[in-house]
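Presented below is the structure to which this report refers.
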Protein chains: 2
Amino acid sequence: MTVRRLLITSGPTREYLDPVRYFSNGSSGQMGRALATAAIDQGYEVIIVSGPVSIEYPDDATVVRVVSTQQMHDAVMNVWPECIGLIAAAAPSDFRPAQYSKSKIKKSSDSDRLSIEMVSNVDIVAEAGKRKSEGQWTIGFALETDNAIENALAKLKRKNTDFIVLNDPTAIDANESSVRIIDGDGEITDSISGSKQVIAARILALKPLEQ
Amino acid sequence: MTVRRLLITSGPTREYLDPVRYFSNGSSGQMGRALATAAIDQGYEVIIVSGPVSIEYPDDATVVRVVSTQQMHDAVMNVWPECIGLIAAAAPSDFRPAQYSKSKIKKSSDSDRLSIEMVSNVDIVAEAGKRKSEGQWTIGFALETDNAIENALAKLKRKNTDFIVLNDPTAIDANESSVRIIDGDGEITDSISGSKQVIAARILALKPLEQ
């Protein structure tokens with residue numbers, strides 16, 4: 001029997017503007033941890049690529065720590081060919097400052113303004129979707145505040161995922177969540193409310209996976 | 001005997017750009033916690049105004065939770081008149097986005113750019129310094145990457161603090177630190193390397209406080 005190796009991304013990324021300040025979001029890694037725990041219970045070998053979080057991951061998971069979205073991308077691409085599936089629970093920053101200042105940017109007066117030019121980051125799930133081999137599957141997450149279903153469907157296609165888990169901003173850093181699961185045909189196949197443990201178990205039970 | 005009430009600010013602040021994304025920094029609240037523990041040991045009644053952190057503060061401290069710099073300012077000003085001293089160990093964001101988007105800002109393509117206009121936040125320590133009554137004292141922190149002493153001295157004057165604790169970016173989210181303490185005359189009175197507990201005890205032992 002071959003080892004089923006599962007890749008989970010988790011937590012936020014940080015995009016530094018200078019040695020002190022960064023862009024990020026409140027993703028806590030709780031969903032990634034719940035998915036890892038459920039996957040280990042099901043006999044998967046789990047690799048977590050995680051941005052900076054304060055939670056602890058299961059001892060049985062291999063954890064690769066990263067800071068920026070580019071680093072998360074590189075770490076994911078490094079192990080993706082050896083994995084059967086990717087569950088992208090992380091919330092990597094879509095944008096990063098176009099320029100990094102090696103010196104802390106000074107505020108010289110209370111009327112100071114600062115204009116920050118941001119550029120797009122690589123889309124990790126889309127890149128993994130492009131490089132899918134026979135039998136590999138990907139599950140993406142979408143967090144939308146407006147036109148949620150429409151945007152989630154667009155993500156599903158653009159990222160070539162098998163499923164999209166759609167949640168809303170109240171899920172961030174919360175113990176509970178409400179999600180809808182959209183399959184590759186764009187159908188909402190499931191609506192789940194409950195703890196992240198409950199949701200994680202349902203995500204891992206999605207069919208057709210590994211047929 | 002009157003209660004000596006000490007106000008400590010701790011942790012980062014977050015400045016949200018939309019419901020998901022924010023500006024922040026890696027301040028962990030460890031120095032604030034170490035200061036609170038040392039102050040409680042010395043019989044102070046301690047109020048901590050803290051930004052979002054994952055550490056736990058001493059049970060004997062009153063903790064006021066805030067998110068943004070403006071909220072931290074308001075919470076500090078609310079209790080400052082009743083306190084003997086302020087130790088400003090927090091790292092509140094100097095800037096915030098000029099505009100908040102109620103909808104999550106969409107990335108529509110990989111070539112998207114985003115220009116973010118930031119405006120200055122209120123200077124909490126300077127405001128407390130302006131409103132110092134007879135007998136009240138303030139200790140500020142400075143984190144500088146360039147011209148550290150010169151910048152720290154400018155802060156000391158602008159913020160009307162009794163002391164400035166000067167540290168460098170390696171102190172962020174670290175257990176140990178190296179700091180220099182500058183008194184109101186601009187003299188470096190102390191250089192301390194060690195755990196944040198050791199540094200906290202030395203900061204609380206500063207003279208002349210409460211003479």
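Because the structure is predicted, anything quoted here is derived from the model rather than measured. Each chain gets a letter, A, B and so on, in the order its sequence line appears, and its residues count up from 1.
Heavy atoms closer than 4.5 Å to chain B are found nowhere in A/A154, neither backbone nor side chain. The contact between B/F23 and chain A is made by backbone and side chain atoms together, counting heavy-atom distances below 4.5 Å. Both the backbone and the side chain of B/L143 have a heavy atom closer than 4.5 Å to some heavy atom of chain A. Neither the backbone nor the side chain of B/A91 comes within less than 4.5 Å of any heavy atom in chain A. When heavy atoms are compared at a cutoff of 4.5 Å, B/N121 approaches chain A solely by way of its backbone atoms N, CA, C and O. Contact of B/D94 with chain A is made through backbone and side chain together, with heavy-atom distances under 4.5 Å.
Under the 3.5 Å distance criterion, the side-chain polar atoms of A/K107 are left unmatched by any main-chain donor or acceptor of B/S120. B/K102 contributes no side-chain N or O that, together with a main-chain N or O of A/T145, makes up a donor-acceptor pair within less than 3.5 Å.
A pairwise comparison of heavy atoms in A/K106 and B/F95 identifies O-CZ, 4.5 Å as the closest pair. For the residue pair B/R113 and A/A98, the shortest heavy atom distance occurs at NH2-CB, 4.0 Å.
With respect to chain B, the highest number of heavy-atom pairs below 4.5 Å among A/S27, A/P52, A/P97, A/S115 belongs to A/S115. Comparing B/G26, B/P19, B/S24 by how many heavy-atom pairs each has under 4.5 Å with chain A, the most go to B/S24. Among A/A126, A/S103, A/S54, the residue making the largest number of heavy-atom pairs under 4.5 Å with chain B is A/S103. Note on B/N151, B/V122, B/I55: by heavy-atom pairs under 4.5 Å with chain A, the leading option is B/N151.
Atom CE of residue B/M118 and atom CG of residue A/D112 lie 12.0 Å apart, to the nearest 0.5 angstrom. Interatomic distance, A/L17 CG to B/N25 CG, rounded to the nearest 0.5 Å: 11.5 Å. For the atom pair CD of A/E117 and CG of B/L114, the computed distance is 8.0 Å after rounding to the nearest 0.5 Å.
Around CG of A/D59, the count of heavy atoms belonging to other residues, nucleotides or ligands within 6.0 Å does not exceed 12.
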